[in-house]
Number of protein chains: 2
Amino acid sequence: MKKSTKFSDVLHILLHMAGSRNPARSETLAKSAQTNPVVVRRIMAGLRERGFVQSEKGHGGGWSLSCDLKKVTLYDVYDSIGAPTMLALGNRAESSKCLVEKAVNTATGHAFREAESLLIANFRNTTLADVHSIIKKYPRGHAKRK
Amino acid sequence: MKKSTKFSDVLHILLHMAGSRNPARSETLAKSAQTNPVVVRRIMAGLRERGFVQSEKGHGGGWSLSCDLKKVTLYDVYDSIGAPTMLALGNRAESSKCLVEKAVNTATGHAFREAESLLIANFRNTTLADVHSIIKKYPRGHAKRK
DNA sequence: ACTCATGTAATATACTGAGTTACATGAAAG
DNA sequence: CTTTCATGTAACTCAGTATATTACATGAGT
């Protein structure tokens, strides 16, 4: 199945913004995330609603961070983009009269829920600052280069 | 995102077969899993290759189990159907020169891998017999009914 | 006024899983 | 040995969906 890159894209964009003081245009951000300006605006809309970023129109406009990277978790970001489906596997009919179906749903459902919970827990435990700090661990010289 | 029901479907089919002695036709199995006979045959092909089931042509033909339910795990089944993608989330470019991208991939990749591992571990720890035994826990009277 | 940037609806494109059709192969029944 | 029935499989269609694109409106700055 085709995996959605929306989540990693938005993180990319946010960290990219963290690397500069001036507002960044959708077009610039789109280029860095290898996507389209309109897609960027759509994704960012959710983050703006929650006050994590802000946008300005016109000359010198664009996007800028308005949050403390230490206080925003990956879960906040994930949630801001609409909390898309995490698992590519699922049950056909979640509520069925068929006993076989029920048994299957019980067994797989348990595993699915555990995996999802773990993922969510990991997201909650990681802040944007954590991710940002990973960058610094790479060899010196172009820490903020695209 | 649209979740794949292939895995739960094949489990459904296998347990359905476990409920009767005679070979079951693709059409019957398809009906019980709410899908198409050809789809059933396609899915089952992988299981046949591994010897978990066998098929006979012609009159009185169909599918039958040829394995010990206690010895086949959900992972075996999952693997038999081609080990489809478990996660609906992923990174855009797994290997990139961009440091920001790398940092994001590191952070999310870690979480993704953990979730996937947990799922796999759960599948390995559950046999078809385990799932089958869940059926018996439901109220008496129609244990093998569709 | 004019340019630039976002906001957003509407549309197009690409992809992919699933379903379907069609026909070949082989087994059992009569 | 012909008919019937079931699987085996390639090829194709269909439907759903994420993403990308186009087009135009809005509002800030110059």
Side-chain angles (χ1 to χ4, degrees), chain A residues 1-10 12-13 17 22-49 52-66 78 81-93, chain B residues 1-10 12-13 17 22-49 52-66 78 81-93:
Chain A
M1 169 170 299
K2 179 97 186 154
K3 295 186 174 194
S4 166
T5 60
K6 203 168 166 186
F7 181 56
S8 80
D9 283 349
V10 70
H12 189 143
I13 288 169
M17 286 167 62
N22 319 332
R25 294 185 306 143
S26 305
E27 206 186 316
T28 311
L29 297 171
K31 213 160 280 174
S32 92
Q34 301 173 63
T35 181
N36 187 287
V38 179
V39 173
V40 169
R41 284 179 211 135
R42 266 200 300 246
I43 293 177
M44 301 295 276
L47 292 160
R48 182 182 47 217
E49 276 169 28
F52 298 148
V53 299
Q54 56 195 144
S55 59
E56 295 295 339
K57 290 178 177 179
H59 277 280
W63 300 88
S64 43
L65 287 170
S66 53
Y78 167 77
I81 60 171
T85 308
M86 292 177 159
L87 297 180
L89 303 178
N91 298 133
R92 183 174 289 261
Chain B
M1 169 170 296
K2 180 96 186 157
K3 297 187 174 194
S4 166
T5 60
K6 204 169 164 185
F7 181 56
S8 79
D9 283 350
V10 70
H12 189 142
I13 289 169
M17 286 166 61
N22 320 331
R25 295 185 307 143
S26 305
E27 207 186 315
T28 311
L29 296 172
K31 215 159 279 175
S32 94
Q34 301 173 63
T35 180
N36 187 289
V38 178
V39 173
V40 170
R41 285 180 210 133
R42 266 201 300 247
I43 293 177
M44 300 296 276
L47 293 160
R48 182 181 47 217
E49 277 169 28
F52 297 149
V53 299
Q54 57 194 144
S55 59
E56 295 296 336
K57 291 180 177 176
H59 276 281
W63 300 88
S64 45
L65 288 169
S66 53
Y78 167 76
I81 60 169
T85 309
M86 291 177 159
L87 298 179
L89 302 178
N91 297 133
R92 183 173 290 258

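Letters A, B, ... mirror the listed sequences (proteins, then strands); counts begin at 1.
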Task: side chain to side chain donor-acceptor pair (under 3.5 Å) partners for A/Ser8, two or more places apart - done: none
- [ ] For DNA chain C, write out the stems as range with range, using runs of 3 or more consecutive Watson-Crick or G-U pairs with both distances under 3.5 Å.
- [x] C:1-30 with D:1-30
TODO: Give B/Thr28 one of three labels, base, sugar-phosphate or nothing, depending on what nucleic acid heavy atoms sit under 4.0 Å from its own.
DONE: nothing
TODO: Please state how far atom CZ in B/Arg48 lies from atom P in D/dA6, giving the value in whole angstrom units.
DONE: 17 Å
TODO: Over all heavy atoms of both residues, which pair between A/Gly60 and A/Pro23 is shortest? Give the atoms and the distance, please.
DONE: O-CG, 3.7 Å
Task: Residues which pass side-chain contact (heavy atoms from CB on, under 4.5 Å) with A/Ser55, listed by chain and number, not counting sequence neighbours - done: A/Arg48, A/Trp63
TODO: Please list, chain by chain and in numerical order, all residues satisfying side-chain contact (heavy atoms from CB on, under 4.5 Å) with B/Ser64, sequence neighbours excluded.
DONE: B/Gln54
Task: Contacts of A/Glu56 that satisfy salt bridge (charged side-chain N to carboxylate O under 4.0 Å, His left out) - sequence neighbours left out - done: none
- [ ] For residues B/Val39 and B/Arg42, determine if any side-chain heavy atom of one lies less than 4.5 Å from a side-chain heavy atom of the other.
- [x] yes
Interface polar pairs with nucleotides 21-23 of chain D, N/O, under 3.5 angstrom:
residue : atom : partner : partner atom : Å
D/dT21  : OP2  : A/Asn36 : ND2          : 2.7
D/dT21  : O4   : A/Arg42 : NH1          : 3.3

Task: All side chain to side chain donor-acceptor pair (under 3.5 Å) counterparts of B/Arg41, not counting sequence neighbours - done: B/Ser26
Open item on the list: Using the side-chain heavy atoms of A/Ser4, tell me which of these nucleotides is nearest: D/dT19, D/dT7, C/dT6.
Closed with: D/dT19
Open item on the list: Checking the side chain of A/Ser4 only, and the main-chain atoms of A/Lys6 only, is there a donor and an acceptor separated by less than 3.5 Å?
Closed with: yes
TODO: For nucleotides 25-30 of chain C, just jot down a letter per nucleotide in 5' to 3' order: B, S or -, based on protein non-hydrogen atoms under 4.0 Å.
DONE: BBBBS-
Task: Any B/Ser55 side-chain N or O less than 4.0 Å from OP1/OP2 of D/dG8 - done: yes
